[in-house]
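What follows is a single structure, written as C-alpha coordinates, with notes after it.
What's counted below: heavy atoms across the whole structure, side chains too, no hydrogens, waters or symmetry copies.
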Amino acid sequence: MQTKSVSKYIHQLVFLIEILLLWEYIPRLVGVNTTLFPGSFSVMRALWHYVLHGSGLSDSLQSLGRAVVGCVIGVAIGSVCALCSSNLRFRNLVHPVLVFFRNMPPVALSPIFIVWFGIDVVGKISVIAFASMFPVWSAIDTGMQNIPRQYQRMATILRLSSMKKMLRVTIPSLLPYCVVGVQGAISVSFVMIFVSELAGASSGIGYYISTSQLAYQIPDMLAGLIVLGFLGTFVMFMFNMCVKSAFPWLGKTAL
(Lines give C-alpha, C1' and ligand atoms only; values in the text may rest on other atoms or scores of the structure.)
Protein backbone atom coordinates (compact mmCIF):
# COMPACT_ATOMS: atom_id res chain seq x y z
CA MET A 1 0.00 0.00 0.00
CA GLN A 2 2.84 2.40 0.83
CA THR A 3 4.53 1.67 -2.50
CA LYS A 4 1.29 2.47 -4.34
CA SER A 5 0.94 5.74 -2.41
CA VAL A 6 4.52 6.78 -3.20
CA SER A 7 4.03 5.87 -6.85
CA LYS A 8 0.82 7.93 -6.98
CA TYR A 9 2.56 11.00 -5.56
CA ILE A 10 5.48 10.59 -7.98
CA HIS A 11 3.08 10.46 -10.94
CA GLN A 12 1.29 13.57 -9.66
CA LEU A 13 4.60 15.43 -9.26
CA VAL A 14 5.73 14.46 -12.75
CA PHE A 15 2.41 15.60 -14.18
CA LEU A 16 2.73 18.95 -12.38
CA ILE A 17 6.25 19.45 -13.77
CA GLU A 18 5.00 18.65 -17.27
CA ILE A 19 2.21 21.22 -16.92
CA LEU A 20 4.70 23.90 -15.75
CA LEU A 21 7.06 23.16 -18.66
CA LEU A 22 4.24 23.29 -21.20
CA TRP A 23 3.01 26.53 -19.62
CA GLU A 24 6.50 28.02 -19.94
CA TYR A 25 7.46 27.01 -23.47
CA ILE A 26 4.24 26.80 -25.48
CA PRO A 27 3.58 30.60 -25.32
CA ARG A 28 7.14 31.19 -26.56
CA LEU A 29 6.76 28.74 -29.45
CA VAL A 30 3.39 30.16 -30.45
CA GLY A 31 4.66 33.72 -30.18
CA VAL A 32 2.19 34.93 -27.55
CA ASN A 33 2.91 38.21 -25.79
CA THR A 34 4.57 37.06 -22.56
CA THR A 35 3.69 40.36 -20.88
CA LEU A 36 0.02 39.45 -21.07
CA PHE A 37 0.53 35.68 -20.77
CA PRO A 38 3.63 35.17 -18.61
CA GLY A 39 5.30 31.80 -18.45
CA SER A 40 5.38 29.56 -15.41
CA PHE A 41 8.95 30.54 -14.48
CA SER A 42 8.12 34.23 -14.06
CA VAL A 43 4.94 33.35 -12.13
CA MET A 44 6.92 31.03 -9.83
CA ARG A 45 9.46 33.81 -9.22
CA ALA A 46 6.64 36.20 -8.35
CA LEU A 47 5.12 33.56 -6.06
CA TRP A 48 8.47 32.98 -4.35
CA HIS A 49 8.96 36.71 -3.77
CA TYR A 50 5.37 37.23 -2.58
CA VAL A 51 5.44 34.41 -0.06
CA LEU A 52 9.01 34.72 1.27
CA HIS A 53 9.87 38.39 0.82
CA GLY A 54 6.53 40.15 0.46
CA SER A 55 3.26 40.26 2.35
CA GLY A 56 2.20 36.77 1.29
CA LEU A 57 2.22 35.22 4.75
CA SER A 58 0.27 38.01 6.47
CA ASP A 59 -2.17 38.31 3.55
CA SER A 60 -2.75 34.56 3.60
CA LEU A 61 -3.41 34.48 7.33
CA GLN A 62 -5.86 37.38 7.14
CA SER A 63 -7.74 36.01 4.13
CA LEU A 64 -7.77 32.52 5.62
CA GLY A 65 -9.16 33.79 8.93
CA ARG A 66 -11.90 35.81 7.25
CA ALA A 67 -12.88 32.94 4.96
CA VAL A 68 -12.99 30.34 7.74
CA VAL A 69 -14.95 32.53 10.18
CA GLY A 70 -17.45 33.55 7.51
CA CYS A 71 -17.80 29.94 6.35
CA VAL A 72 -18.40 28.66 9.88
CA ILE A 73 -21.10 31.28 10.48
CA GLY A 74 -22.72 30.53 7.13
CA VAL A 75 -22.66 26.77 7.78
CA ALA A 76 -24.29 27.28 11.18
CA ILE A 77 -27.06 29.52 9.80
CA GLY A 78 -27.70 27.26 6.81
CA SER A 79 -27.85 24.15 9.02
CA VAL A 80 -30.31 25.73 11.44
CA CYS A 81 -32.58 26.93 8.62
CA ALA A 82 -32.55 23.48 7.02
CA LEU A 83 -33.25 21.61 10.26
CA CYS A 84 -36.06 24.01 11.13
CA SER A 85 -37.62 23.17 7.78
CA SER A 86 -38.73 19.87 9.31
CA ASN A 87 -41.54 21.98 10.75
CA LEU A 88 -44.04 22.29 7.90
CA ARG A 89 -45.29 25.71 8.99
CA PHE A 90 -41.75 27.09 9.16
CA ARG A 91 -40.90 25.56 5.79
CA ASN A 92 -43.92 27.05 4.05
CA LEU A 93 -43.09 30.45 5.51
CA VAL A 94 -39.31 30.63 5.06
CA HIS A 95 -38.51 28.34 2.13
CA PRO A 96 -39.69 30.74 -0.63
CA VAL A 97 -37.67 33.57 0.93
CA LEU A 98 -34.50 31.46 1.06
CA VAL A 99 -34.99 30.34 -2.54
CA PHE A 100 -35.37 33.98 -3.57
CA PHE A 101 -32.13 35.04 -1.86
CA ARG A 102 -30.28 31.96 -3.08
CA ASN A 103 -30.86 33.10 -6.65
CA MET A 104 -29.32 36.49 -5.93
CA PRO A 105 -25.64 36.60 -6.94
CA PRO A 106 -23.64 37.24 -3.75
CA VAL A 107 -20.95 38.96 -5.82
CA ALA A 108 -23.45 41.66 -6.74
CA LEU A 109 -24.55 41.97 -3.11
CA SER A 110 -21.01 42.47 -1.84
CA PRO A 111 -21.05 46.30 -2.26
CA ILE A 112 -24.35 46.49 -0.36
CA PHE A 113 -22.91 44.48 2.55
CA ILE A 114 -19.90 46.80 2.63
CA VAL A 115 -22.24 49.81 2.83
CA TRP A 116 -24.31 48.20 5.59
CA PHE A 117 -21.56 46.68 7.72
CA GLY A 118 -18.55 48.80 6.79
CA ILE A 119 -15.31 48.12 4.98
CA ASP A 120 -13.68 46.44 7.95
CA VAL A 121 -13.61 42.73 8.73
CA VAL A 122 -17.30 42.61 9.74
CA GLY A 123 -18.47 43.52 6.25
CA LYS A 124 -16.22 40.92 4.65
CA ILE A 125 -17.24 38.13 7.01
CA SER A 126 -20.92 39.02 6.58
CA VAL A 127 -20.89 38.64 2.80
CA ILE A 128 -18.93 35.38 3.07
CA ALA A 129 -21.41 34.01 5.63
CA PHE A 130 -24.35 35.01 3.44
CA ALA A 131 -22.92 33.29 0.38
CA SER A 132 -21.75 30.12 2.15
CA MET A 133 -25.01 29.41 3.97
CA PHE A 134 -26.92 28.47 0.83
CA PRO A 135 -24.91 25.39 -0.27
CA VAL A 136 -25.37 23.94 3.23
CA TRP A 137 -29.04 24.83 3.44
CA SER A 138 -29.74 23.45 -0.04
CA ALA A 139 -27.89 20.17 0.59
CA ILE A 140 -29.45 19.50 4.00
CA ASP A 141 -32.89 20.55 2.79
CA THR A 142 -32.57 18.01 -0.02
CA GLY A 143 -31.52 15.40 2.52
CA MET A 144 -34.55 16.21 4.67
CA GLN A 145 -36.80 15.31 1.75
CA ASN A 146 -34.95 12.02 1.16
CA ILE A 147 -34.81 10.49 4.63
CA PRO A 148 -35.99 6.86 4.18
CA ARG A 149 -39.60 6.50 5.25
CA GLN A 150 -38.87 3.27 7.08
CA TYR A 151 -36.60 5.20 9.45
CA GLN A 152 -39.41 7.61 10.23
CA ARG A 153 -41.90 4.76 10.71
CA MET A 154 -39.51 3.01 13.08
CA ALA A 155 -39.10 6.21 15.12
CA THR A 156 -42.90 6.46 15.33
CA ILE A 157 -43.24 2.82 16.39
CA LEU A 158 -40.62 3.30 19.10
CA ARG A 159 -42.43 6.47 20.19
CA LEU A 160 -39.27 8.56 20.13
CA SER A 161 -39.60 12.15 21.24
CA SER A 162 -38.92 14.92 18.76
CA MET A 163 -35.45 15.49 20.21
CA LYS A 164 -34.51 11.79 20.14
CA LYS A 165 -35.87 11.48 16.63
CA MET A 166 -33.68 14.41 15.59
CA LEU A 167 -30.56 12.95 17.23
CA ARG A 168 -31.02 9.29 16.30
CA VAL A 169 -32.73 9.44 12.92
CA THR A 170 -32.61 12.84 11.25
CA ILE A 171 -29.03 13.97 11.88
CA PRO A 172 -27.35 10.60 11.07
CA SER A 173 -29.36 10.41 7.84
CA LEU A 174 -28.34 13.95 6.90
CA LEU A 175 -24.59 13.60 7.51
CA PRO A 176 -23.63 12.79 3.88
CA TYR A 177 -25.70 15.73 2.65
CA CYS A 178 -24.20 17.99 5.30
CA VAL A 179 -20.65 17.05 4.25
CA VAL A 180 -21.40 17.88 0.62
CA GLY A 181 -22.97 21.17 1.67
CA VAL A 182 -19.96 22.18 3.76
CA GLN A 183 -17.64 21.32 0.90
CA GLY A 184 -19.65 23.66 -1.31
CA ALA A 185 -19.59 26.34 1.38
CA ILE A 186 -15.79 26.14 1.63
CA SER A 187 -15.43 26.66 -2.12
CA VAL A 188 -17.87 29.58 -2.10
CA SER A 189 -16.17 31.21 0.90
CA PHE A 190 -12.83 31.40 -0.92
CA VAL A 191 -14.51 32.90 -3.96
CA MET A 192 -16.17 35.51 -1.80
CA ILE A 193 -13.03 36.37 0.19
CA PHE A 194 -11.47 37.45 -3.09
CA VAL A 195 -14.53 39.51 -4.00
CA SER A 196 -14.86 41.09 -0.55
CA GLU A 197 -11.22 42.22 -0.55
CA LEU A 198 -11.40 43.91 -3.94
CA ALA A 199 -13.02 47.01 -2.45
CA GLY A 200 -12.38 48.73 0.85
CA ALA A 201 -9.47 46.52 1.89
CA SER A 202 -5.86 47.30 2.75
CA SER A 203 -4.68 43.72 3.17
CA GLY A 204 -5.46 40.21 2.05
CA ILE A 205 -4.90 38.21 -1.10
CA GLY A 206 -7.79 39.87 -2.94
CA TYR A 207 -6.30 43.27 -2.19
CA TYR A 208 -2.90 42.10 -3.42
CA ILE A 209 -4.38 40.81 -6.68
CA SER A 210 -6.31 44.04 -7.29
CA THR A 211 -3.26 46.24 -6.67
CA SER A 212 -1.18 44.01 -8.94
CA GLN A 213 -3.81 44.42 -11.64
CA LEU A 214 -3.63 48.20 -11.34
CA ALA A 215 0.15 48.01 -11.73
CA TYR A 216 -0.25 45.60 -14.67
CA GLN A 217 1.81 42.93 -12.92
CA ILE A 218 0.27 39.77 -14.38
CA PRO A 219 2.75 37.36 -12.71
CA ASP A 220 1.89 38.84 -9.31
CA MET A 221 -1.83 38.45 -10.01
CA LEU A 222 -1.37 34.80 -10.92
CA ALA A 223 0.83 34.26 -7.86
CA GLY A 224 -1.95 35.60 -5.64
CA LEU A 225 -4.49 33.32 -7.32
CA ILE A 226 -2.21 30.32 -6.76
CA VAL A 227 -1.91 31.14 -3.06
CA LEU A 228 -5.69 31.54 -2.80
CA GLY A 229 -6.25 28.22 -4.54
CA PHE A 230 -3.74 26.52 -2.26
CA LEU A 231 -5.46 27.87 0.86
CA GLY A 232 -8.87 26.67 -0.33
CA THR A 233 -7.45 23.25 -1.19
CA PHE A 234 -5.76 23.04 2.22
CA VAL A 235 -8.96 23.86 4.11
CA MET A 236 -10.94 21.36 2.01
CA PHE A 237 -8.30 18.68 2.65
CA MET A 238 -8.34 19.28 6.41
CA PHE A 239 -12.14 19.16 6.49
CA ASN A 240 -12.19 15.86 4.58
CA MET A 241 -9.59 14.39 6.94
CA CYS A 242 -11.68 15.42 9.95
CA VAL A 243 -14.79 13.85 8.42
CA LYS A 244 -12.98 10.60 7.67
CA SER A 245 -11.67 10.45 11.24
CA ALA A 246 -14.97 11.33 12.90
CA PHE A 247 -17.32 9.41 10.57
CA PRO A 248 -15.35 6.56 8.94
CA TRP A 249 -18.60 4.78 8.08
CA LEU A 250 -19.37 7.44 5.50
CA GLY A 251 -16.66 5.95 3.27
CA LYS A 252 -16.53 7.63 -0.10
CA THR A 253 -20.22 8.50 -0.29
CA ALA A 254 -19.63 12.14 0.55
CA LEU A 255 -15.85 12.60 0.03
Side-chain angles (χ1 to χ4, degrees), residues 58-87 90-91 93-144 166 170-171 174-207 228-243 246-247 254:
S58 61
D59 287 347
S60 298
L61 291 176
Q62 292 186 55
S63 295
L64 180 62
R66 295 163 183 166
V68 170
V69 173
C71 183
V72 169
I73 295 174
V75 167
I77 297 174
S79 301
V80 170
C81 289
L83 292 175
C84 290
S85 294
S86 59
N87 183 294
F90 180 87
R91 178 178 177 82
L93 183 66
V94 176
H95 190 269
V97 178
L98 291 174
V99 171
F100 174 79
F101 281 108
R102 182 184 61 182
N103 292 316
M104 283 188 175
V107 174
L109 291 173
S110 181
I112 298 177
F113 275 82
I114 291 176
V115 171
W116 286 346
F117 300 104
I119 62 175
D120 57 1
V121 67
V122 177
K124 296 174 179 58
I125 291 176
S126 298
V127 70
I128 295 170
F130 175 81
S132 59
M133 67 173 283
F134 291 105
V136 180
W137 166 74
S138 181
I140 298 179
D141 185 67
T142 300
M144 294 285 291
M166 179 71 69
T170 303
I171 292 179
L174 293 178
L175 273 177
Y177 296 93
C178 184
V179 170
V180 172
V182 174
Q183 289 173 336
I186 291 173
S187 298
V188 170
S189 66
F190 279 91
V191 173
M192 294 310 300
I193 190 59
F194 168 74
V195 173
S196 66
E197 291 177 347
L198 289 179
S202 58
S203 62
I205 299 175
Y207 172 76
L228 191 63
F230 174 79
L231 291 177
T233 303
F234 172 75
V235 172
M236 187 74 75
F237 174 80
M238 294 302 297
F239 171 73
N240 288 342
M241 289 298 101
C242 292
V243 170
F247 311 107

Let me confirm one number: the [atom1]-[atom2] distance from [X] to [Y], rounded to the nearest 0.5 Å.
{"X": "Arg66", "Y": "Glu197", "atom1": "CZ", "atom2": "CD", "answer": "4.5 Å"}
{"X": "Phe247", "Y": "Cys178", "atom1": "CZ", "atom2": "SG", "answer": "8.5 Å"}
{"X": "Ser203", "Y": "Leu61", "atom1": "OG", "atom2": "CG", "answer": "11.0 Å"}
{"X": "Asp141", "Y": "Phe134", "atom1": "CG", "atom2": "CZ", "answer": "12.0 Å"}
{"X": "Leu64", "Y": "Asp59", "atom1": "CG", "atom2": "CG", "answer": "12.0 Å"}
{"X": "Ser126", "Y": "Phe117", "atom1": "OG", "atom2": "CZ", "answer": "4.5 Å"}

Legend entry - Whether Phe130 and Phe101 hold their rings parallel, tilted or perpendicular, with breakpoints at 30° and 60°: perpendicular
Which atom pair, heavy atoms only, marks the closest approach of [X] to [Y]?
{"X": "Ser132", "Y": "Ala185", "answer": "O-CB, 3.3 Å"}
{"X": "Met192", "Y": "Pro106", "answer": "CE-O, 3.6 Å"}
{"X": "Pro111", "Y": "Ala108", "answer": "CD-O, 3.2 Å"}
{"X": "Ala67", "Y": "Ser189", "answer": "O-CB, 3.9 Å"}

Going by heavy atoms in the side chains, are [X] and [Y] under 4.5 Å from each other?
{"X": "Leu231", "Y": "Ile193", "result": "no"}
{"X": "Phe190", "Y": "Leu228", "result": "yes"}
{"X": "Trp137", "Y": "Val99", "result": "yes"}
{"X": "Leu98", "Y": "Met133", "result": "yes"}

Inset, instruction - Please list, chain by chain and in numerical order, all residues satisfying side chain to side chain contact (heavy atoms under 4.5 Å, CB included) with Phe90, sequence neighbours excluded. - result: Cys84, Ser85, Asn87, Val94
Inset, instruction - Report the residues that fulfil side chain to side chain contact (heavy atoms under 4.5 Å, CB included) with Met236, sequence neighbours left out, ordered by chain and then residue number. - result: Gln183, Ile186, Ser187, Asn240
Expected list for residues 70-82: side-chain donor-acceptor pairs under 3.5 angstrom, two or more places apart:
| from | atom 1 | to | atom 2 | distance (Å) |
| --- | --- | --- | --- | --- |
| Ser79 | OG | Val75 | O | 2.7 |

